[in-house]
2 protein chains.
Amino acid sequence: MNTASAEEPRWLTDEEQRTWRAYVHASTLLEDHLDRQLQRDAGMPHVYYHLLVVLSEAPQRRLRMTELAMRAKITRSRLSHAVARLEKNGWVRREDCTDDKRGQFAVLTDQGYEVLARSAPGHVLAVRQAIFDRLSPEQRGALGEIMQILAEGLQPKEAGADLPWLR
Amino acid sequence: MNTASAEEPRWLTDEEQRTWRAYVHASTLLEDHLDRQLQRDAGMPHVYYHLLVVLSEAPQRRLRMTELAMRAKITRSRLSHAVARLEKNGWVRREDCTDDKRGQFAVLTDQGYEVLARSAPGHVLAVRQAIFDRLSPEQRGALGEIMQILAEGLQPKEAGADLPWLR
DNA sequence: GGCCCATCCTTGAAATTTGAACAAATGAGG
DNA sequence: CCTCATTTGTTCAAATTTCAAGGATGGGCC
């Protein structure tokens with residue numbers, strides 16, 4: 001007998017419920033906290049700050065738009081708007097790609113690097129106080145592993161990776 | 001010698017860096033994933049869905065705006081806009097509070113309850129697949145504890161709780 | 001009662017995000 | 001060389017979020 005479509009879904013256990021609820025609360029509060037901290041001290045929300053960080057780590061402090069979007073886990077559309085805003089601030093500059101005339105590079109300016117250097121200590125402190133100072137070494141380790149797993153699971157697969165019948 | 005203001009900040013260790021980065025990626029991808037899932041299957045973003053869930057658990061399926069805002073960890077302003085939208089959908093209704101003429105209740109309508117009941121299984125499945133199915137029992141337990149701690153640490157304190165000299 | 005300040009919730013404008021649509025350029029085949 | 005599908009990045013409009021401001025009520029206190 002196949003009752004698949006009528007079956008009671010597998011609800012979360014009480015403990016899973018609590019865990020999920022705690023996660024939602026913690027992540028909401030944390031993003032809020034960091035957004036305010038960075039808006040106050042660096043003049044931009046956390047996502048924008050993260051873009052500058054990623055750029056600062058790239059060779060020449062520059063990345064193609066699509067590459068930057070992937071590394072920052074945001075859509076290209078969102079990135080376009082964000083870079084437009086950061087460009088107005090003088091923290092990022094756009095450059096044409098000579099190899100591919102469609103392409104654009106987002107380049108971290110010296111000014112952008114300055115903002116980053118100036119606000120990084122405060123941001124690190126905020127992250128440390130919110131997270132690492134509150135956890136035991138075991139918990140810190142566990143958190144890393146867990147988040148690694150979750151991120152991998154949600155990462156949009158490369159083309160065909162989920163289509164084994166094509167191999 | 002006091003060099004506090006000039007001292008090198010305590011940067012994150014490599015492992016802390018990796019953990020923090022993994023957390024940012026996982027939480028970003030997860031929120032995105034759930035927002036899309038719920039937008040598609042329930043016609044609203046995750047935050048709004050959560051509001052309905054909280055309401056559904058309250059006695060009479062109703063809560064004062066401020067109480068709802070606190071339980072959902074969002075600002076009252078954001079809640080006002082959100083409820084306005086949910087009201088347009090017919091999923092929530094506002095009611096005056098007779099005790100306190102300033103007050104408003106947000107009430108989950110039957111229609112709102114229906115939407116919730118209809119979309120809950122899909123949402124639970126998404127959460128399960130994204131999180132619990134990927135973690136060991138130990139990791140599930142650790143995640144709960146950790147998130148509980150982080151949430152508590154970020155919870156805006158009740159008035160005076162952080163002013164011990166007033167006691 | 002009258003005053004003062006806190007609380008409750010809303011509002012409006014600006015900023016940000018989303019999703020669909022689009023033009024330009026690339027690249028694989030034929 | 002041509003054609004067609006794909007990729008790249010942007011743009012528009014609508015939705016959502018933020019932030020500051022404001023109107024109304026409650027509650028303590030003289």
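Residue numbers start from 1 in every chain, and the chains themselves are labelled A, B, ... in the order their sequence lines are given, proteins ahead of strands.
Contact annotation for Arg40(B): no contact, since no heavy-atom pair falls under 4.0 Å across all strands. Residue Asp100(A) is classed as a sugar-phosphate contact, given heavy-atom separations below 4.0 Å to backbone atoms only. Within the nucleic acid shown, Phe105(B) has no heavy atom closer than 4.0 Å to any nucleic acid atom.
Here Glu67(B) pairs with Arg71(B) under the side-chain hydrogen bond (donor to acceptor under 3.5 Å, both in side chains) rule; sequence neighbours left out.
Looking at His81(A), its side chain has no donor and acceptor atom pair within 3.5 Å of the base of dG9(D).
In the set dT7(C), dT11(D), dC9(C), the nucleotide with an atom closest to the side chain of Arg102(B) is dT7(C). Closest approach to the Asp32(B) side chain among dT18(C), dT26(C), dG9(D) is made by dT18(C) (side chain taken as heavy atoms from C-beta onward). Set against dT18(C), dC19(D), dT10(C), the side chain of Arg76(B) has dT10(C) as its closest nucleotide. Taking the side chain of Arg36(A) as heavy atoms from C-beta on, and the options dG19(C), dG9(D), dC19(D), the nearest nucleotide is dC19(D). Side chain of Ser77(B), nearest nucleotide from dT16(D), dT26(C), dC19(D): dC19(D). Distances from the side chain of Ser80(B) to the nucleotides dT18(C), dC9(C), dT16(D) place dC9(C) closest.
Closest heavy-atom contact between Arg134(B) and Ala130(B): CD-O, 3.4 Å. Summarising the geometry of Ala82(A) relative to Tyr48(A), their closest heavy-atom pair is CB-CE1, 3.7 Å, with the distance given to 0.1 Å. Contact record, Arg64(B) with Cys97(B): NH1-SG, 3.5 Å, taken as the closest heavy-atom pair.
Protein atom CD of Gln104(A) is 13 Å distant from nucleotide atom C1' of dA25(C), rounded to whole Å. Summarising the geometry, the separation between CG on Asp96(A) and P on dG9(D) is reported as 11 Å, rounded to the nearest angstrom. Atom CZ in Arg85(B) sits roughly 18 Å away from atom P in dT11(C) (whole-Å rounding). Computed from coordinates, the Leu38(A) CG to dA15(C) C1' distance equals 16 Å when rounded to whole Å. What separates CD of Glu31(A) from P of dT17(C) is a distance of 10 Å, to the nearest Å. Lys88(A) has its NZ atom 8 Å from the P atom of dA15(C), to the nearest Å. To the nearest angstrom, P of dT18(D) lies 13 Å from OH of Tyr48(A). One can place NZ of Lys73(A) at 17 Å from P of dT17(C), the figure rounded to the nearest angstrom.
For CG of Asp110(B), the number of neighbouring non-hydrogen atoms (other residues, nucleotides, ligands) closer than 6.0 Å is 12 at most.
Summary of the strand contacts: Arg94(B) and Gln39(A) both lie near DNA chain C, and taking for each the nucleotide with the nearest heavy atom, the more 5' one is attributed to Arg94(B). Comparing Pro45(A) and Thr98(A) against DNA chain C, the residue whose closest nucleotide sits nearer the 5' end is Pro45(A). Along DNA chain D, the nucleotide nearest Val47(B) and the nucleotide nearest Gly103(A) are compared for position; the residue whose nucleotide lies closer to the 5' end is Gly103(A).
Within the 4.0 Å cut-off from OP1 or OP2 of dG9(D), at least one side-chain nitrogen or oxygen of Arg64(A) is found. Residue Arg78(A) places no side-chain N or O under 4.0 Å from the OP1 or OP2 atom of dT16(C).
Listed by chain and number, the hydrophobic cluster partners of Phe105(A) are Val107(A), where partners are ILVMFWY side chains within reach of under 4.5 Å, directly or through others.
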